[in-house]
Amino acid sequence: MVEALNKALHQAMEADDRVVLLGQDIAQTGGVFRVTAGLLDSFGETRVVDTPLAEAGIVGCAIGMAVYGLLPVVEIQFDVFVYPGFEQIVVHAARYAWRTKGELPASIVIRIPFGGGVRAPELHSDSPEALFCHVPGLRVVCPTTPQDARDMMLAAIEHPDPVVFMEPKRIYRAGRKEVTDDPPFPLGQANGAPEKILSTARIARDGNDLAIVTYGPTVPLSIQAADRLAHERGIEARVVDLRSLYPIDVGAVTKAASECGRALVVHEAPRTAGLGAEVSSLIHERVMLDLEAPVGRVTGYDAPFPQFANEDDYLPSVDRITAGANKVLDF
Amino acid sequence: MVEALNKALHQAMEADDRVVLLGQDIAQTGGVFRVTAGLLDSFGETRVVDTPLAEAGIVGCAIGMAVYGLLPVVEIQFDVFVYPGFEQIVVHAARYAWRTKGELPASIVIRIPFGGGVRAPELHSDSPEALFCHVPGLRVVCPTTPQDARDMMLAAIEHPDPVVFMEPKRIYRAGRKEVTDDPPFPLGQANGAPEKILSTARIARDGNDLAIVTYGPTVPLSIQAADRLAHERGIEARVVDLRSLYPIDVGAVTKAASECGRALVVHEAPRTAGLGAEVSSLIHERVMLDLEAPVGRVTGYDAPFPQFANEDDYLPSVDRITAGANKVLDF
Amino acid sequence: MTELLRYIGDGAGVPDREVPDGLAEKDLIELYRWLVLLRTFDERAVALQRQGRIGTYALYWGEEGTQAGALYACEERDWVFPSYRQNAIGILRGVAPSTVLAWWRGYGGGHGFYNPRDHRVGPICVPIATHLPHATGLSWAAKIRGDDVASLSWFGDGATSEGDFHEAMNFAAVFKVATVFFCVNNQWAISTPISKQMATATVVEKAAAYGMNGIRVDGFDPIACWKATKDALDRGRNGEGPTLIEAYCYRLKPHGTADDPNLYRDESETAKWLPHEPIGRTSAFLKRLGVLDDDKERAIGDEAKQTIAQAVVEMEAIDQPGREILFEGTYATGMPWTFEEGLRELEEVDRPPEVKPLGPQPGPSTGDHAEPKPGDPS
Amino acid sequence: MTELLRYIGDGAGVPDREVPDGLAEKDLIELYRWLVLLRTFDERAVALQRQGRIGTYALYWGEEGTQAGALYACEERDWVFPSYRQNAIGILRGVAPSTVLAWWRGYGGGHGFYNPRDHRVGPICVPIATHLPHATGLSWAAKIRGDDVASLSWFGDGATSEGDFHEAMNFAAVFKVATVFFCVNNQWAISTPISKQMATATVVEKAAAYGMNGIRVDGFDPIACWKATKDALDRGRNGEGPTLIEAYCYRLKPHGTADDPNLYRDESETAKWLPHEPIGRTSAFLKRLGVLDDDKERAIGDEAKQTIAQAVVEMEAIDQPGREILFEGTYATGMPWTFEEGLRELEEVDRPPEVKPLGPQPGPSTGDHAEPKPGDPS
Ligand SMILES: Cc1ncc(C[n+]2csc(CCOP(=O)(O)OP(=O)(O)O)c2C)c(N)n1
Ligand SMILES: Cc1ncc(C[n+]2csc(CCOP(=O)(O)OP(=O)(O)O)c2C)c(N)n1
Ligand SMILES: [Mg+2]
Ligand SMILES: [Mg+2]
């Protein structure tokens with residue numbers, strides 16, 4: 001996925017010289033996760049900028065740049081470090097369009113590598129996406145496959161709305177599949193394509209017995225759990241990869257739940273007021289009569305993300321997803 | 001409610017000289033909403049402090065004070081202005097206990113007047129409580145009656161956990177009921193009472209036909225809607241005032257939902273990933289088979305809180321709550 | 001303590017200085033016209049609030065020089081970023097005064113908001129100091145594009161305490177961008193005096209911490225505000241980076257219409273500062289220079305009254321926006337389904353009446369918030 | 001540029017200065033013992049990371065003087081607040097070295113955390129500059145209580161860019177509290193040189209912006225670090241408020257074990273700074289003073305090795321904490337029902353094996369994060 005994101009940034013910067021990158025340690029070294037590797041060489045230090053260590057400054061300056069007409073892409077070094085920039089995101093990035101009659105959106109992309117499973121020290125493994133989904137005016141997306149990462153990044157940059165782009169760091173290196181060279185739409189003349197790319201869910205595995213709704217790092221795990229269910233009890237689970245966390249592709253989600261009659265939501269973030277609560281509510285509200293069982297949730301716990309020796313206890317695993325699925329199936 | 005909060009602060013400061021108050025314009029003037037009026041005169045400027053204009057500084061210093069052994073109570077002037085202090089709350093206040101083997105909690109109270117309905121300018125009317133409920137390690141509470149305001153404030157100060165104390169500014173002046181003089185527990189020797197006070201819901205109106213689960217400013221509105229339902233169609237709604245937003249009193253909520261067979265959640269905050277989603281999920285997960293209809297939600301919209309001329313369009317009203325209830329009833 | 005840059009004397013002991021290069025007679029008159037227009041708007045807005053026709057209002061009476069003087073030094077292509085205190089600055093750049101009044105009236109959408117790009121004026125900023133990084137970012141963007149466009153942001157003495165002030169200053173200095181940090185040091189942040197806000201005697205001495213130029217001016221002197229800003233912009237355009245300007249003055253009025261300064265300060269102290277207020281002083285100065293006479297003064301005053309009276313008529317002719325305004329403009333490409341559902345829900349219930357401004361309230365209060373009467377319907 | 005306070009010369013052109021009052025022979029030896037213990041811990045931790053026995057580690061090799069020197073100036077009752085870079089500072093205050101190693105090993109609860117109150121040492125702080133307000137608040141609290149307790153926080157040159165630095169400095173100055181802001185200016189923030197971090201030549205010149213005392217010292221000289229801190233604490237206790245100390249040095253090693261400085265700096269430049277590293281220099285100085293000889297030096301070295309070796313044994317004897325550790329300590333009064341449900345869910349599935357540290361990885365990388373090999377199980 002890292003290479004796919006890097007490719008997208010190359011393509012977007014090549015196609016439009018208003019695209020600029022800001023972040024800590026992104027230029028000279030190519031970033032902690034190397035997502036921006038090589039971009040400094042290609043586009044120079046005015047467009048690929050190592051900034052001072054101050055996230056409110058980074059996000060705030062990016063908003064000012066967007067007001068001028070640039071298309072900034074900001075890297076937050078690790079999930080938790082977005083909080084110093086939280087005020088700028090909530091009170092400005094999210095409301096600039098609304099505050100200007102829709103005429104001047106803060107067209108920025110905020111890239112946030114997030115989640116656990118990389119054996120990192122304290123405060124390098126959080127999943128804050130639900131906070132952004134609760135803030136009106138933002139789009140929140142999360143790719144799972146390299147191809148999606150490339151396409152969604154291009155769409156996020158071209159889309160006028162501010163986009164919080166959650167990057168599942170645990171699967172940064174997974175799936176070395178080839179990514180197409182051609183962009184998913186003619187860059188610079190998108191014509192509605194980015195909106196579509198950024199707002200639709202993807203069926204990651206087909207099936208009609210159980211809908212597993214998830215996103216990011218837990219998509220591959222959910223597919224594994226689905227395979228196990230198929231093997232162990234002949235159950236075919238449909239895995240819905242949300243891709244868009246706000247707005248949720250409610251059609252795809254309710255269709256899956258109602259066709260399967262049973263559903264499970266899976267994510268890494270804490271449970272209470274997480275995205276799973278929203279998905280579960282949406283399903284019950286809309287298609288409860290089609291359900292054979294309440295929607296289940298397999299999530300992180302309402303506890304601080306643990307020190308890494310215990311992170312596999314905290315993270316939803318194939319075992320936990322399978323157990324959660326079995327509970328929904330055996331209800 | 002303002003007087004009740006003021007009384008609680010007086011009592012707590014009288015009983016324990018470790019209690020100190022920090023905030024903008026709280027000492028000399030008694031605060032924008034006058035919650036801290038008179039405290040400077042009683043306790044002096046070392047304990048009732050007008051701080052510089054910097055919320056991360058305020059919350060961060062309060063944490064340092066708590067580490068030393070004081071019991072700081074912080075005022076955030078208006079809801080939205082908590083965001084500059086968000087990082088301190090999430091990465092420190094919420095995790096200090098956990099990070100110190102449970103031995104050194106950041107025992108602070110963060111008072112946040114929140115919500116709309118007061119005809120205020122932009123960014124003075126938000127409802128950010130769900131964000132705090134999603135952050136492990138915090139308690140989040142919201143009183144509705146003056147008596148609760150007094151009792152819960154005393155409990156929050158005495159309780160070792162960090163407490164985000166949401167104050168519904170729209171009903172600050174409502175309900176001039178007398179508040180008892182005696183504290184709800186012997187101050188300084190609480191013996192589990194604060195835990196109980198801070199974690200239980202309250203039945204604000206009795207009934208067995210519909211459970212309306214809500215908190216803060218929408219409690220009185222929900223009661224009015226319930227009265228209307230009783231009058232118009234003989235339906236008796238039970239109104240559950242959550243009081244504790246994290247952790248939710250799941251027993252009270254599911255009992256109400258299962259005894260009534262129908263439930264509605266009401267709050268002012270935006271819908272997606274709000275507390276309503278959590279309550280709805282909890283009810284469906286636990287007592288779906290007792291339900292005659294999916295749990296309904298009447299909430300603010302996923303849009304920025306409007307300029308005030310239109311705020312009554314945005315806010316859940318008695319009409320909207322009644323309509324939402326009717327939908328659940330007629331399902 | 002640093003010397004104050006000042007041009008306008010007091011007509012007695014303190015002498016006038018020569019008008020700086022770049023301000024011809026017509027400029028002086030135009031600048032005076034701006035001052036009067038701002039003053040007229042402000043006084044009328046206060047009256048409207050008293051009458052319950054707009055909501056709580058943050059008046060700037062006495063600070064017109066910091067606004068008009070600084071703006072007059074900017075080129076049309078330069079961007080300015082106001083706080084709530086410079087709420088009407090846009091009217092000097094073509095924003096309809098009725099739009100600003102409508103904003104205070106609680107109207108959104110096209111009624112209370114303008115398109116910043118049309119005027120190179122940022123939206124009115126409420127959260128303290130948060131617009132400073134925007135000004136930094138904007139001039140940085142211009143630099144990246146090779147455009148000769150600078151920016152300026154206004155903020156208060158209280159705002160210097162926020163982290164965003166620090167970060168915006170540092171970024172501007174590091175990237176050497178053409179931006180002016182214009183601090184209106186009116187010595188009060190609501191009820192908090194500057195002595196409780198910082199341990200330095202001045203604001204301007206903070207400039208050095210960022211490797212930035214700084215200058216301190218008499219904030220009641222519009223010519224001084226102009227000159228300091230002009231020099232700062234010139235330096236910025238020359239690649240010499242940003243400047244911090246401290247405009248030293250005094251908040252002559254309450255923080256806002258809901259604020260009662262008697263709760264926290266001695267208003268006889270305020271009275272001592274009153275003679276320094278910029279309109280009377282500038283008028284006297286221009287008359288000493290022979291640039292202005294009573295007739296011209298009256299004409300400018302009348303014209304301003306006319307403009308603002310017209311704006312009030314326009315503002316009051318605006319109908320409350322429809323319910324769809326809740327959703328409009330939030331997202332660029334149409335409305336997400338959540339909005340459509342919201343609209344549908346709203347259509348099912350009777351529409352509540354327009355929320356009218358609260359109007360003045362009895363009793364002591366502070367800050368942005370008027371105290372509703374007990375039993376107030378809200 | 002401000003002069004550097006320095007006591008230890010180079011034994012050649014640069015003369016030694018007289019040892020400042022307050023440091024007797026036994027203090028010099030004790031301080032040296034601290035330096036060696038810190039160094040020994042650090043080198044051993046790097047080795048453990050290489051062997052895959054602890055996770056990514058933030059080494060401080062070369063910065064021991066900034067840590068031991070400053071801490072030695074503190075009274076036992078004073079509090080210190082470290083960043084990740086001063087991760088082992090607690091071992092000089094009674095924290096078991098195995099606890100710090102266990103923290104890096106990914107252990108929580110009683111294994112990797114200590115009770116700050118037992119040692120007056122704040123928890124290891126990861127988010128940059130966020131512990132600074134805690135130090136301010138703590139000494140402010142002591143002042144409120146009338147206690148003669150001061151505080152000190154360490155942070156880097158990069159940390160000065162964060163808003164929290166600014167707010168903590170300003171609060172400390174306004175409330176005149178006894179706290180020391182000890183900036184370890186090692187000239188790098190991961191790959192970002194100080195020239196891209198700020199437009200000032202030094203960190204210390206920022207002190208004036210807060211009305212605060214400031215002093216710049218040779219960060220490789222533990223005596224200078226001690227003296228500056230001692231004076232700052234004395235002033236603080238005297239009611240003269242906080243001090244900013246800039247300890248000017250150079251990051252002699254990678255940012256952390258996952259970082260490859262060749263990606264962004266010329267390591268021949270680093271080599272030039274190497275002779276200044278504090279242990280060799282202090283040892284030579286003490287020998288010139290006649291306070292230390294080879295035998296004593298060896299004994300101190302052996303003792304430190306022994307202590308840390310023992311700590312490694314202890315650390316490795318720790319069993320992975322049970323699953324209940326996920327929930328323990330988060331809330332003071334027992335576990336909310338969500339935790340009980342979590343535990344119940346966990347009991348239903350087989351427990352996954354302990355997550356072992358990643359160990360060194362091939363290929364270029366930066367920062368806190370080791371690059372997992374493609375196909376790595378995680
Ligand atoms: C982040 C934030 N915190 C608090 C407030 C509430 N508030 C509004 S104005 C004000 C005082 C501002 O003082 P100053 O910066 O000196 O500007 P002035 O009002 O004097 O123009 C405060 C605290 C706010 N708007 N934003
Ligand atoms: C708020 C925040 N943003 C980003 C990071 C990631 N990060 C860890 S160390 C570091 C550089 C710190 O540099 P400096 O302050 O000079 O301290 P040093 O590492 O040199 O001791 C960064 C950016 C972080 N830990 N916290
Ligand atoms: Mg002010
Ligand atoms: Mg550094």
Side-chain angles (χ1 to χ4, degrees), chain A residues 24-34 37 49-57 77-78 80-81 83-84 113 116-124 169-174 176 270-272 298 300-304 306-315 317 319-320 322-324 327, chain D residues 55-56 58 84 103-109 112 124 126-129 158-159 161-164 189-192 196-198 263-264 320-321 323 325-327 330 336 338-339 342 345-346 348-358 364-376 378:
Chain A
Q24 293 154 10
D25 310 294
I26 63 160
Q28 198 66 40
T29 70
V32 166
F33 294 99
R34 315 202 52 67
V49 188
D50 280 332
T51 67
L53 210 175
E55 290 77 4
Q77 204 163 71
F78 280 85
V80 162
F81 307 146
Y83 296 127
V118 299
R119 308 174 216 186
E122 206 203 328
L123 289 166
H124 285 70
K169 66 171 97 93
R170 182 148 49 127
I171 54 172
Y172 258 156
R173 300 286 157 192
R176 304 244 150 194
R271 173 165 309 187
T272 294
V298 174
Y301 299 109
D302 287 358
Q307 297 290 82
F308 73 77
N310 285 81
E311 69 178 330
D312 281 352
D313 288 326
Y314 183 90
L315 291 165
S317 58
D319 276 2
R320 274 180 59 205
T322 311
K327 247 185 247 169
Chain D
T56 308
Y84 53 90
W103 190 87
W104 289 109
R105 173 65 192 79
Y107 287 158
I124 297 170
V126 168
I128 301 293
S161 295
E162 288 279 9
D164 278 20
I190 308 186
S191 73
T192 308
K196 289 189 182 174
Q197 196 70 246
M198 59 188 73
L263 284 174
Y264 53 82
Q320 184 201 11
R323 297 190 273 200
I325 203 173
L326 297 185
F327 306 101
T330 302
T338 50
F339 287 14
E345 185 192 1
L346 283 174
E348 286 165 19
V349 293
D350 287 342
R351 193 169 180 206
E354 174 172 352
V355 178
K356 297 288 185 188
L358 194 55
S365 73
T366 298
D368 298 342
H369 186 70
E371 284 297 291
K373 289 182 283 280
D376 186 83
S378 68

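Protein chains get the first letters and strands the later ones, always in sequence-line order, with residue 1 at the start of each. These numbers come from a predicted model, not from an experiment.
Proximity to chain D is absent for every atom of A:T322, based on heavy atoms less than 4.5 angstrom apart. Residue contact with chain A, scored on non-hydrogen atoms closer than 4.5 Å, involves the side chain of D:I128 exclusively. Both the backbone and the side chain of D:Y107 have a heavy atom closer than 4.5 Å to some heavy atom of chain A. Proximity to chain D (any heavy atom under 4.5 Å) is shown, for A:A56, by neither the backbone nor the side chain. Proximity to chain A (any heavy atom under 4.5 Å) is shown, for D:T192, by both the backbone and the side chain. Interface remark: D:Q197 contributes backbone and side-chain atoms alike to the contact with chain A (heavy atom separation under 4.5 Å).
Atom CG of A:L123 is separated from atom CD1 of D:I124 by 12.0 Å, given to the nearest 0.5 angstrom. Atom CG of A:D313 is separated from atom CD1 of D:I325 by 9.5 Å, given to the nearest 0.5 angstrom.
Contact between A:T29 and D:Y264 at its shortest, heavy atoms only, is CG2-CD2, 3.3 Å. The two residues D:S161 and A:P52 make their nearest non-hydrogen contact at OG-CB, 3.7 Å.
A donor-acceptor pair is defined here as one N or O able to donate and one able to accept, closer than 3.5 Å; such a pair exists between the side chain of A:R119 and the backbone of D:K356.
Ring centroid separation for the pair A:Y301 and D:F327 comes in under the 6.0 Å cut-off.
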